[in-house]
Amino acid sequence: MKKIANLRVFPTILAGMIVGISFIIMTDLWLPITAAAVAFVVAVAGGIALYKKSRRAFKSAAVFAVSFVLGVAFGLSAAAYANAGLEKREMFEESAAITGKIEVGNSSDLTGKVDSYTVVLTDVTVNGEKVDGKAEFYSLQLKNGGFYEGDVISFTGRVVTLSTDVTTSYKASSLAEGVIYEMTCPDDEEDGEIEVTGRDIGFFDKIKKAVAAKLADNAGDKAARFMYAMTFGDSAVVGESMRSDFSYTGTAHLLAVSGLHVGLLAGALYSILKALKFNAALRSAIVLAALVFFTALCGFSPSTVRATVMVAVAAAAGLLGLRYDPLSGMSLAAIILLFVSPFNLYSLGFLMSFVAVYGLILFAKPFERALRKARLPKWLAGALSATLSANATLLPIMIYVFGDLSLISVPANCIMVPLAGIFFPLYIFALPFSFIPYFGFVATVVSLPFAGLSAIVGYLAGLDFPGVYFDFNWATIMLWLVAATAVSGLTAIPGVAKKIIASVLVICFISAVIIQNAGMLSGSDKITCFATYDCAGVLVRSKEEGDFIVFNSALDESAIDAALTAMDKNGMRKVDFIVKFGFSDEESEILDEHAKELSADIVYTAYSSLTEYPTGNFTMLADVASVICTDGYAEVYFDGVDLVVADKESPWAVLAGCDILVCPYLGEKPEDVVYLVDDYGYSTGAENCLPSDFTFWTEGGKIIKTYKWRFA
């Protein structure tokens, strides 16, 4: 049994699952392609066995081939079942009577009050009939309507089943978490009023609210938000400014419960139980029970499930007298999550969690040995090696997802991760004592380090550091991971051969990056689109014309939030100017309210007296940028690429023939438009319709890059 386990069956099964899921989801020709992949792997395994000509080699090849084929079968069945389940739930209703409980609603405070335009609904009924799965619900009424998590609401609105043509990791994450439907209701409360008909708070939600109240009463505002986010992974409570600072410094993972948090808790609890002389079996049982409880509090996120499974495998190996293999433990956790929902494979949270751990497995020990040789203390060398090894494998994915990355993230993580590793377990173990009458001061004491940590992040975010702007695709990322594996201790390749293979792979990776970025680096414009229910816009980064935002004629606070998110994604702290057509007094007040956040130097509008911004008439824009504005739309030219930002009332004749049209909920694609960035058209499966939060590069009059992968 030990010999079979040493063959690392679980990583082989995982590799097969990834192949099966990818092929059935990404192409209609999955059957012949999958058969070819299986035949290739079996042939390679058999060829190696024939070359070795030993009984052991044939046994190893047989176990490897059977494990891989089993994994492919698991992946195919899981993906086919998931796709079939969505097809069975297909629904489209323009005016349906809907009820549901607000499970998750972004909040800027610790009370659970909804402070966003989007919430996730569970226990959903449509026209009196209960439906499976959760729904993402959008309405402008939510932000100012006094709604709270746990409220049961009813409204009349539109419902549509999400398609599996996924172009963003966000949508893959939604599907993986069981969000199947997209719902909206009219903004006019007379036509689509949202009513609260009850309240339903579960056991774990009550615990979270009790912790939130205790922190709010006994800790400073920033420290309380930071501590709550670290405990439950709810980064929304930290607010836009603080979240932007953490994102800019590359330390946003501290705001989401990750394997780091679970590992810290498990290690600290295990040490305490060992000091109290608990036997090994009882220690393991108590630690696992605590981790399962904590994972349930965090909503069974992929990172916490992965860490808990790995701890369970390590404990079982210790009790059975077996050597623990972190790669096998990680693979088992991934197999479980992918079997439950194959969409996890394309979820950013899942990918970053597992790739980070893979980096730890590959490089943590070599980095720690090097740091120890530099005479760093063991605890500091361990913390820094964990940070460096995880980031070594994550870097291409982070650049792929976020477009660019500030180099401040390296020193920021080297400072924050070790300190968080010290203070987080102390806070978790001290928190229960703060609920004893007259002991609330305990929460105050343990909050002081977190106030300091948030101040450090704020300071680092204000520093002007250069950024990394290389572009990666998934093929390049896989080549990077293969190269990292080749140079690690996982591969049993002779030293000289390993150096040759690793050198070739590294050269191929560098060449692929140079070739891939040659066009991007010569391109002059990067366009990030954003859209909400009534507003659409683009953020432009142009080497020739500067950085600017174009809003359409339905500006609201949700559009400001979308623009700030786009700026954050592009690592921008300010823009040079804003273009706004169809201006009104109300929209002027919104711009003034958010002037500091947008940090624009000037606004171009036809109504210069309506805003406190320095303003300019948009008829003068030709002197500044290639933008033409009217009362109904804005047209931007990028050396032959024609982009139009429009509202729902714009005439189709004007919109026809452009390369990129950004419009909220237009419904259908006008004639001869190459790309329509429109959530409504995308959700209904219209051809070449893309969701908001989409990025284009242009070069020589051509669109050369889109952040897109496709589920068939």
Side-chain angles (χ1 to χ4, degrees), residues 26-27 163-168 170-171 400 403 471 473-474 516 518-520 522-532 535-545 548-553 562 566 569-570 579 581 625-630 632-712:
M26 294 177 66
T27 176
S163 70
T164 55
D165 181 15
V166 179
T167 59
T168 66
Y170 173 78
K171 190 172 181 183
Y400 171 84
D471 190 25
N473 58 26
W474 281 109
Q516 186 176 340
M520 183 194 74
S522 63
S524 60
D525 304 296
K526 180 182 180 183
I527 309 104
T528 300
C529 309
F530 56 87
T532 63
C535 185
V538 292
L539 171 65
V540 179
R541 301 201 71 173
S542 173
K543 293 180 181 178
E544 300 292 332
E545 298 168 339
F548 60 94
I549 299 174
V550 179
F551 288 109
N552 82 348
S553 61
K569 175 181 177 181
N570 285 274
V579 181
F581 60 88
S626 301
V627 183
I628 297 175
C629 286
T630 72
Y633 64 92
E635 196 162 4
V636 190
Y637 293 95
F638 305 101
D639 189 25
V641 174
D642 183 14
L643 180 147
V644 174
V645 181
D647 59 25
K648 292 181 286 188
E649 307 301 324
S650 300
W652 280 23
V654 174
L655 307 181
C658 65
D659 296 302
I660 307 171
L661 172 61
V662 184
C663 186
Y665 288 86
L666 190 62
E668 296 181 47
K669 186 166 71 71
E671 185 178 354
D672 296 329
V673 171
V674 179
Y675 289 111
L676 171 63
V677 180
D678 167 46
D679 284 323
Y680 181 92
Y682 168 70
S683 65
T684 55
E687 183 180 359
N688 284 343
C689 283
L690 305 175
S692 57
D693 190 25
F694 213 78
T695 300
F696 297 90
W697 283 94
T698 66
E699 178 199 11
K702 297 180 180 180
I703 300 168
I704 62 169
K705 172 68 179 177
T706 61
Y707 293 126
K708 177 181 179 182
W709 60 87
R710 180 179 178 84
F711 290 13

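Note: hydrogens, waters and symmetry copies are ignored here, and every other heavy atom, side chains too, is used. Position 1 is the first residue of the sequence; numbering continues from there.
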Looking only at heavy atoms, the pair that brings Val636 and Phe548 closest together is CG1-CZ, 4.3 Å
Hey, could you give me the CG/CG distance between Leu661 and Leu643, rounded to the nearest 0.5 Å? 8.0 Å
Please check this pair: side chain of Asn552 against backbone of Gly537, looking for a donor-acceptor N/O pair closer than 3.5 Å. no
Minimal heavy-atom distance between Ala646 and Ala536, with the atoms involved, is O-CB, 4.3 Å
After noting the C-alpha distance and the side-chain angles of Phe551 and Val579, does the key distance pass the side-chain contact (heavy atoms from CB on, under 4.5 Å) rule? CA-CA 6 Å; Phe551 288 109; Val579 181; over 6 Å; no
Shortest non-hydrogen contact from Ile549 to Leu539? CG1-CD1, 3.6 Å
